[in-house]
Amino acid sequence: MKVLVIGGAGYIGSHTTYELIRAGHEVVVLDNLSTGRMGAIHADARFFWGDIRRKSDITKVLLAEEKTRPVDVVMHFAAKLVVPESVLKPLEYYENNVEGVRTMLEAMVDCGVKNIVFSSTAAVYGEPDNPLCSEDDPTAPINPYGETKIASEQLIKWVAAAHGMNYCILRYFNVAGADQSLRIGLDKDQLTHLIPLIMQSALGMREKLSIFGSDYPTSDGTCIRDYIHVTDLAQAHVSGAQHILDTGDSLLLNLGSGKGFSVKEVVDAALELFDFNYEFAPRRAGDPAKLIANSNRAREILGWEPKLSLTDMIKSDYAYRKQLQQDTD
Ligand code: UDP
């Protein structure tokens, strides 16, 4: 298939591009490089600079590609995704995340592209009564980021129904790790996620890790999350796209391992491999105690199974970060 990856210079977009190319597919990347970087774009992907909020940037690519072979599937990764920032800048988040999706869909309708794979998030579940989340559970986001994702999901469903399109909406849980090539990984300036922050502590780039909250109603008092390796996640995009293309069905799928690890368990797993200091700190605002994916639907429909472990996420993130550190020395 030929895939337009919007946001292919970012963390998950670049990993998905790598997996698409490894599976023999043709990839075109559109990115405004606001948070992504040129070096993350696979050498075999064609790159166009452009902004998702400008329809002509998208139609230009779709029409240019049509001359050789039309784009079969558009994948959308070009979202803003920092929860605390979304609370401070809701207008920016709605404009980029929702207006961006609306514009992209309009361009797809104009150019007759019928398949969309969309990155969504466990944040749509908010603070669920049942921490093992299934796709049909109620959605109740507790921050603007999650709201923009559920609004986009709804918009995609309505547009798909009106214009005969197929969608594959993927709700990610906690994504971590780096590609085996160590050419791409999570390398934003301001990291907020647990595993990269542990690794920065292990590499001496920060004094210590703070564990946010030790009084949650969990076995050791720290929050429980479902961690998934970015390569497993990227492979699910490839299978999901192929599935909607082959069957004409639409999908809404959770992507997680189905296993929960507490923050303390992640810290202990990393301490088995690396040395670093940590402390217990107050709770971080907006953190639910426990979120785990029921990913049975992805297993049943796509035959998808995460292959990589928490240790693989920790080791690959460390190796990638160490390489980044050496490159900047
Ligand atoms: N966390 C932590 N210390 C950190 C960063 C994160 O204790 O420096 C905790 C955070 O409070 C949450 C879990 O690790 O309980 C996962 O947080 P992360 O930001 O990685 O992902 P989120 O679940 O918020 O999407």
Side-chain angles (χ1 to χ4, degrees), residues 10-12 79-87 93 97 119-128 131-133 139-150 170-178 185-230 233 254-271 274 276-293 310 313-314 316-318 320-321:
Y11 177 46
I12 298 172
K80 288 181 170 285
L81 47 70
V82 181
V83 169
E85 187 187 47
S86 78
V87 177
Y93 270 67
N97 292 7
S119 306
S120 189
T121 169
V124 300
Y125 297 112
E127 296 192 71
L132 184 64
C133 302
T139 54
I142 54 168
N143 50 59
Y145 167 62
E147 289 284 4
T148 63
K149 285 293 177 178
I150 204 72
L170 301 172
R171 292 180 176 162
Y172 310 158
F173 282 64
N174 288 60
V175 188
L186 183 63
D187 61 353
K188 280 189 282 192
D189 292 340
Q190 294 199 327
L191 295 171
T192 58
H193 290 309
L194 178 64
I195 291 177
L197 291 179
I198 293 177
M199 295 311 127
Q200 284 195 328
S201 310
L203 283 161
M205 297 166 74
R206 59 179 62 234
E207 199 192 323
K208 59 186 159 204
L209 176 88
S210 297
I211 295 182
F212 298 137
S214 52
D215 56 352
Y216 285 96
T218 58
S219 52
D220 61 19
T222 67
C223 288
I224 294 177
R225 293 288 180 277
D226 182 335
Y227 294 88
I228 173 164
H229 196 291
V230 64
L233 187 87
N254 281 342
L255 293 180
S257 69
K259 285 194 287 277
F261 290 94
S262 74
V263 175
K264 183 67 171 56
E265 284 171 336
V266 177
V267 166
D268 287 342
L271 277 171
F274 312 106
F276 60 93
N277 297 318
Y278 70 90
E279 63 175 4
F280 287 99
R283 288 182 178 198
R284 190 175 70 173
D287 277 340
K290 190 170 176 184
L291 269 186
I292 303 175
L310 180 66
M313 295 174 224
I314 291 170
S316 62
D317 188 89
Y318 179 87
Y320 176 67
R321 226 155 281 292

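Remember, it's 1-based here, ligands and their atoms both numbered in the order they're listed.
Tyr93 and Asn143 form no side-chain donor-acceptor contact under 3.5 Å, judged by distance and modelled atom types alone.
A distance of 12.0 Å separates CG in Leu203 from CD1 in Ile198, rounded to the nearest 0.5 Å.
Residues passing the side chain to side chain contact (heavy atoms under 4.5 Å, CB included) test with Leu81, sequence neighbours excluded: Tyr145, Lys188. Looking at residues two or more places apart in sequence or on another chain, you find a side chain to side chain contact (heavy atoms under 4.5 Å, CB included) between Thr139 and Val124, Ile150, Arg171.
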Anything under 3.5 Å between a donor and an acceptor, one on a side chain of residues 256-267, the other on a protein residue two or more places apart or in another chain? List them.
unit_1 : atom_1 : unit_2 : atom_2 : d
Ser257 : OG     : Asp226 : OD1    : 2.8
Ser257 : OG     : Lys259 : N      : 3.0
Ser257 : OG     : Lys259 : O      : 3.4
Ser262 : OG     : Asp220 : OD2    : 2.6
Ser262 : OG     : Lys264 : N      : 3.4
Ser262 : OG     : Glu265 : N      : 3.0
Lys264 : NZ     : Asp268 : OD1    : 3.0
Lys264 : NZ     : Asp268 : OD2    : 3.1
Glu265 : OE1    : Ser262 : N      : 2.9

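The aromatic rings of Tyr278 and Phe276 are tilted relative to each other, their planes meeting at an angle between 30° and 60°.
Listed by chain and residue number, the protein contacts of ligand 1 are Asn174, Thr192, His193, Leu194, Leu197, Leu209, Ser210, Ile211, Phe212, Cys223, Arg225, Tyr227, Val263, Arg284, Asp287 (heavy atom within 4.0 angstrom).
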